[in-house]
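Structure, as structure tokens:
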2 protein chains.
Amino acid sequence: MSTIYEVAALAGVSPATVSRVFNGLSVSSEKIRLVRDAAEVLKFTPNRTARRLRNQSSELIALLIPDIENPFFTALARGVEDRAQQSGYSVVLCNTDDDPDKETNYLDIAVSENMAGIILAPASADGDLAHVVSRGRPMVAVDRSTGFDIDAVMVDNRAAGIAATNALFDAGYSRVACIAGPVGIETTEERSLGWRQVVTRRGNPAGHDDYLQHANYRVDGGRAAMRTLLDLPTPPDAVVTTNNLMGVGALQILSEAGITPPEFGVAVVGDLPFTTLLPDAITQVHLPARHLGTTAASMLMERIAGDTQPARTIVLRASVTQGATPVPTAR
Amino acid sequence: MSTIYEVAALAGVSPATVSRVFNGLSVSSEKIRLVRDAAEVLKFTPNRTARRLRNQSSELIALLIPDIENPFFTALARGVEDRAQQSGYSVVLCNTDDDPDKETNYLDIAVSENMAGIILAPASADGDLAHVVSRGRPMVAVDRSTGFDIDAVMVDNRAAGIAATNALFDAGYSRVACIAGPVGIETTEERSLGWRQVVTRRGNPAGHDDYLQHANYRVDGGRAAMRTLLDLPTPPDAVVTTNNLMGVGALQILSEAGITPPEFGVAVVGDLPFTTLLPDAITQVHLPARHLGTTAASMLMERIAGDTQPARTIVLRASVTQGATPVPTAR
DNA sequence: TTGAAAGCGCTAACAT
DNA sequence: ATGTTAGCGCTTTCAA
């Protein structure tokens, strides 16, 4: 672990010159060679920690996501990475596990590590961002919004919920349930609000509040909720799930019960990951996960570059709705 | 962005005392209160960069994985995280994208950022680890081995390939192909070697070198390879894929061709992620992804704690083979 | 163009 | 128990 001093000594120049060489400042080509050779011999790599302490910033951006095992977030991460690398920034990923404490911990780290910026997919609405914001670190929220006045990029969740639900009614289903995520999570609330809006207008039978199920955001949550729905006195004949993983869970339960769409209607907000056998009756409302990432990264890059315009929110449409949803046959 | 000096001034103590308070060293409760209050007022958080420059180390460990979109690696990451958090370490994830250059870049970062340790799922066999190793940073390899004398934790890939192939023959298939990953990647080589070993013994028809297909490690690779296999003059009646994602691709192509296992035998080394409709005829050789992660993290923690025993390699068995593979019916 | 020197914020001797 | 101070490795004025 050699330092610029050792390189300087070996090259017969001053530490400042070594620093200049490594930062591309003007140095006589004579000494450049000397320094490079010496650095080569000593296997010198500049110590980023020291550089950072000096510069108060690094070429690292932190990306905090709530669930690293959810393909939606990994796709988003890829987007962030692609964009960041273009600008010479490296991305470190932190998994907050939907836990506000872990989130706060990683935010602290990102700030006190002097990272160049932060992209945050917030675990909860009430994370402690004041801290970060007050320090003036560039930050952009993605997927879910925060109570703070910062840049954000999101999808039109309401519209996504509406599209999913409409697709089901259009296909001829009449008792459309909804498997939503945990209460209080914005994305889920909005999507299920979309569902409710359509259902109110197009008419589920009255008195079926139990058609709205809350579950955890993962596969097992979807499974539990779907089981509950099937056990209802008057089960629904179709379901909207407000994210991809719960969609997987719901489909698993249906499959285990010997029910295959379009016998039962299924629409999922999000993309079903790694599908092998997929009834083409399933509706998917594709979310632009990767695009969310690139957009957020672009915004962050602008801020890092010094852009000081007021905070913006960009809303991406969950535009692409796919899924040949034929009129149910076997009912 | 306040410093210990400001806190010290406000609290009427010395910077050293502030430092001591924040590091839990003995300080009179009187001054502890003073310092805490001052820190509160100033919203002081210790600057990790400075601390690190001073300590030459941090409580951060870097995990480098080749494909963040592959559930195998995200499961592994979860394992690492769980174990690391237990010891008070935070994990930052870096996606090398199977690109040696990116890998080297992130390794450089990890080292020059003075991270406490590194867990590396190597992109290629010939990454430039000399650098890291020579600096004496604790490092453990996971999933694939390196040419270097460092700790490693892996699965018994040969055995996994053998188990998958045997399962297919046992079920009554007789022309068993193999979709392997890129040439030169250890895990894939080993697994396909396992396949070859069984096939040689239990007897594919002679002259079918084309039953071994190399593909990229992802879904589209599996798709392409499966298509090629089906187009062969004498197509196989079963296939082993050497990872999870290629398995997904193969199943997609079969499904699109209207072929459903067990009409055609499929065994995948790895776990099919997020399956919705899964013919129970499929054999899966489950890889202990998460366990790989926890084990690697444990080893790393030991090294960080100062353990200096010679490098160890731990081999985990891909023990659990699942999959009721009935004798094919419709042939 | 080059060097000397200060200082980024913190911790750990050392001294009191 | 507490304060003083040197220094981690780097960059960047300021002079020369």
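Computation of the quantities below employed the complete heavy-atom set of this structure, encompassing side-chain atoms and omitting hydrogens, waters and symmetry-equivalent molecules.
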* To the nearest 0.5 Å, tell me how far A:Thr146 OG1 sits from A:Leu120 CG. => 7.5 Å
* Structure fact -> B:Arg48 atom CZ is separated from C:dT11 atom C1', nearest whole Å, by 16 Å
* Have A:Ser298 and A:Thr295 got a donor and an acceptor in their side chains that come within less than 3.5 Å? -> no
* Structure fact -> Sorted by chain and number, sequence neighbours left out, side-chain contact (heavy atoms from CB on, under 4.5 Å) with A:Ile61 holds for A:Val80, A:Ala84, A:Tyr89, A:Val91, A:Ala116, A:Ile119, A:Leu300, A:Met301, A:Ile304
* Asked: Between B:Asn114 (CG) and C:dT11 (P), how many Å, whole number?
  -> 15 Å
* Asked: Does a side-chain N-to-carboxylate-O contact under 4.0 Å join B:Arg312 and B:Glu302?
  -> yes
* To do: Have a look at A:Ser19 and say if it touches a base, only the backbone sugar-phosphate, or nothing, with a 4.0 Å heavy-atom cut-off.
  => base
* Give a yes/no on whether any side-chain N or O of A:Ser14 is located under 4.0 angstrom from OP1 or OP2 of C:dG3. => yes
* Side chains of B:Ser87 and B:Arg83, donor plus acceptor under 3.5 Å -> yes
* With a 4.0 Å cut-off, would you call B:Asp97 and B:Arg218 a salt bridge? -> no
* If you walk 5' to 3' along DNA chain D, what is the first nucleotide with an atom under 4.0 Å of a heavy atom in chain B, and what is the last? -> D:dA1 to D:dG9
* To do: Return the set of residues passing salt bridge (charged side-chain N to carboxylate O under 4.0 Å, His left out) with A:Glu113 (not counting sequence neighbours), or none when no residue passes.
  => A:Arg52, B:Arg52
* A:Ser112: partners by side-chain contact (heavy atoms from CB on, under 4.5 Å), with sequence neighbours left out -> B:Arg48
* Structure fact -> Applying ring pair (Phe, Tyr, Trp, His ring centres under 6.0 Å) to B:Phe44 and not counting sequence neighbours gives B:Phe22
* Angle of first-five versus last-five pair axes in the helix from C:dT1-D:dA16 to C:dT16-D:dA1, to 10 degrees -> 40°
* Structure fact -> Here the side chain to side chain donor-acceptor pair (under 3.5 Å) pairs for residues 62-72 of chain A, sequence neighbours left out, are A:Asn70-A:Asn244
* Asked: Given the rule in the side-chain contact (heavy atoms from CB on, under 4.5 Å) test, do A:Met154 and A:Leu316 qualify, once you have shown the distances and angles that lead to the verdict?
  -> CA-CA 6 Å; A:Met154 297 191 289; A:Leu316 268 27; over 6 Å; no
Just distance, no hydrogens or angles: give the donor-acceptor pairs under 3.5 Å from side chains in residues 25-35 of chain B, sequence neighbours left out.
| unit_1 | atom_1 | unit_2 | atom_2 | d |
| --- | --- | --- | --- | --- |
| B:Ser28 | OG | B:Lys31 | N | 3.4 |
| B:Arg33 | NH1 | B:Asp37 | OD2 | 3.3 |

* Asked: Going by number, which of residues 51-62 of chain B have a non-hydrogen atom under 4.0 Å from DNA chain D?
  -> B:Leu53, B:Arg54, B:Gln56
* **Near-strand residues of residues 24-46 of chain B, defined as heavy-atom separation under 4.0 angstrom from DNA chain D** => B:Ser26, B:Val27, B:Ser28, B:Lys31
* **Listed partners of A:Gln85 passing side-chain contact (heavy atoms from CB on, under 4.5 Å), at least two apart** => A:Glu81, B:Lys102, B:Tyr106
* For B:Tyr217 and B:Thr187, test the side chains for any donor-to-acceptor distance below 3.5 angstrom and give the result as yes or no. => yes
Pairs under 3.5 Å (N/O, protein and nucleotides 13-15 of chain C):
| unit_1 | atom_1 | unit_2 | atom_2 | d |
| --- | --- | --- | --- | --- |
| C:dA13 | N6 | B:Arg20 | NH2 | 3.3 |

* **Candidate pair B:Leu93 and A:Ile68, rule side-chain contact (heavy atoms from CB on, under 4.5 Å), full reasoning** => CA-CA 10 Å; B:Leu93 234 117; A:Ile68 198 197; 3.7 Å; yes
